[in-house]
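Here's the structure, in structure tokens; my notes come after.
For ligands, and for the atoms within them, numbers begin at 1 and follow the listed sequence.
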Amino acid sequence: MSNQKVTILENILSANDQLAEKNRFLLDKFNIFSLNIMASPGAGKTSVILKTIEALKSTTRIGVIEGDTAAVTIDADKVTAGGAYAVQINTGGNCHLDSSMIEAGLNQLPLESLDLVIIENVGNLVCPAAFELGTNTRVLIASIPEGDDKPYKYPGMYRGVDVLILNKTDLKPYVPFDVNYFRKGVTLLNPGVKIFPLSCITGEGFKPWIEWIKIHLKK
Ligand code: MG
Ligand code: ZN
């Protein structure tokens, strides 16, 4: 990249970070715990979110911001049917959410009556990692069918997250996936990351993830 391009990119990212701080302040003001969920398309973001809502909705009021590159409300409709407040953000083809989109999303949610806000980022393992949104926690969902080499191929994403969900563990018998090789890559990049292997189909491993959220709720 030319120096000029680098400067423009740095300016965009610093404007994004400033707005992310505003989002963080707003979420803190209402004592809301928040998750930015990132993954490749098809890793199971919506499935994990729906199952999380199902497990928590009797005790926790949840809002979801759904990022999509097209004007489809498929995921937002599922979330609403699942019992949470949903806001749909159409990125207009953009391949990630930024903090101005989250600001717009938060403005449409009843923050005073929420305990948890979940953001479903656009399916992409590259640039969502560069855009801070102002959430408490950054969560990456990897899945067994994607293969065990993803930490090595997308180090920026694996390095920048607080929590890693390894989804679709029910497919382990049918798909070649070397858990040790995967974990070795994860540990090299992000030694402190919390890992939850789980399956949305069988429910295996889901309880520790739900308990982890419960511990972090602020009210
Ligand atoms: Mg989805
Ligand atoms: Zn992008």
Side-chain angles (χ1 to χ4, degrees), residues 1 5-6 8-17 19-20 23 34-57 62-105 108-109 116-135 137-146 150 153-161 163-168 171 196 198-201 206 209:
M1 269 194 281
K5 277 188 188 158
V6 170
I8 292 169
L9 183 63
E10 281 170 354
N11 289 343
I12 290 171
L13 287 175
S14 95
N16 181 74
D17 284 354
L19 201 47
N23 293 339
S34 53
L35 306 169
N36 170 14
I37 298 198
M38 299 174 281
S40 63
K45 292 184 294 301
T46 309
S47 302
V48 169
I49 290 169
L50 288 173
K51 216 167 159 57
T52 302
I53 293 169
E54 189 190 312
L56 286 171
K57 72 177 174 191
I62 306 168
V64 179
I65 298 176
E66 283 290 342
D68 264 300
T69 59
V72 287
T73 57
I74 300 167
D75 291 351
D77 292 346
K78 286 182 189 167
V79 163
T80 308
Y85 295 93
V87 173
Q88 176 75 24
I89 301 283
N90 175 8
T91 67
N94 224 328
C95 48
H96 58 268
L97 291 174
D98 65 32
S99 47
S100 70
M101 298 172 192
I102 299 309
E103 183 187 40
Q108 294 173 59
L109 283 171
L116 173 66
V117 164
I118 303 174
I119 297 167
E120 179 173 348
N121 216 309
V122 177
N124 175 353
L125 287 180
V126 186
C127 41
F131 286 83
E132 182 55 53
L133 302 180
T135 58
T137 304
R138 303 204 275 182
V139 181
L140 169 61
I141 302 180
S143 67
I144 297 286
E146 285 169 66
K150 291 301 165 289
K153 290 189 171 173
Y154 299 95
M157 176 59 78
Y158 277 81
R159 208 179 271 129
V161 295
V163 170
L164 172 63
I165 288 176
L166 180 56
N167 191 21
K168 308 192 188 183
L171 294 180
F196 296 102
L198 55 81
S199 163
C200 293
I201 302 294
F206 228 88
W209 159 242

- Dump the intermediate steps for side-chain contact (heavy atoms from CB on, under 4.5 Å) on L164 and L140, then the final yes or no. CA-CA 5 Å; L164 172 63; L140 169 61; 3.8 Å; yes

- For I37, the option from N121, V64, I141 that meets side-chain contact (heavy atoms from CB on, under 4.5 Å): I141

- Nearest 10° is fine: what angle sits at the Zn ion (ligand 2) between SG from C95 and SG from C127? 110°

- Message: What I'd like to find out is whether the side chain of E54 reaches to under 4.5 Å of the side chain of L50, using heavy atoms alone.
- Response: no

- Where the side chain of D68 meets the backbone of A70, is there a donor-acceptor pair that is under 3.5 Å apart? no

- Evaluate whether atom CZ of F196 has more than 12 neighbouring non-hydrogen atoms of other residues, nucleotides or ligands under 6.0 angstrom away. yes

- Determine whether I144 and L166 make a side-chain contact, defined as any pair of heavy atoms from C-beta on separated by less than 4.5 Å. yes

- Query: Protein N, O or S atoms less than 2.8 Å from the Mg ion (ligand 1), ignoring waters?
  - Reply: T46 OG1, D75 OD2, E120 OE2

- Message: Quick check: closest heavy atoms across L13 and A130, and the distance to 0.1 Å?
- Response: CD2-O, 3.5 Å

- Message: What is the name of the N/O/S atom of H96 that is nearest to the Zn ion (ligand 2)?
- Response: ND1

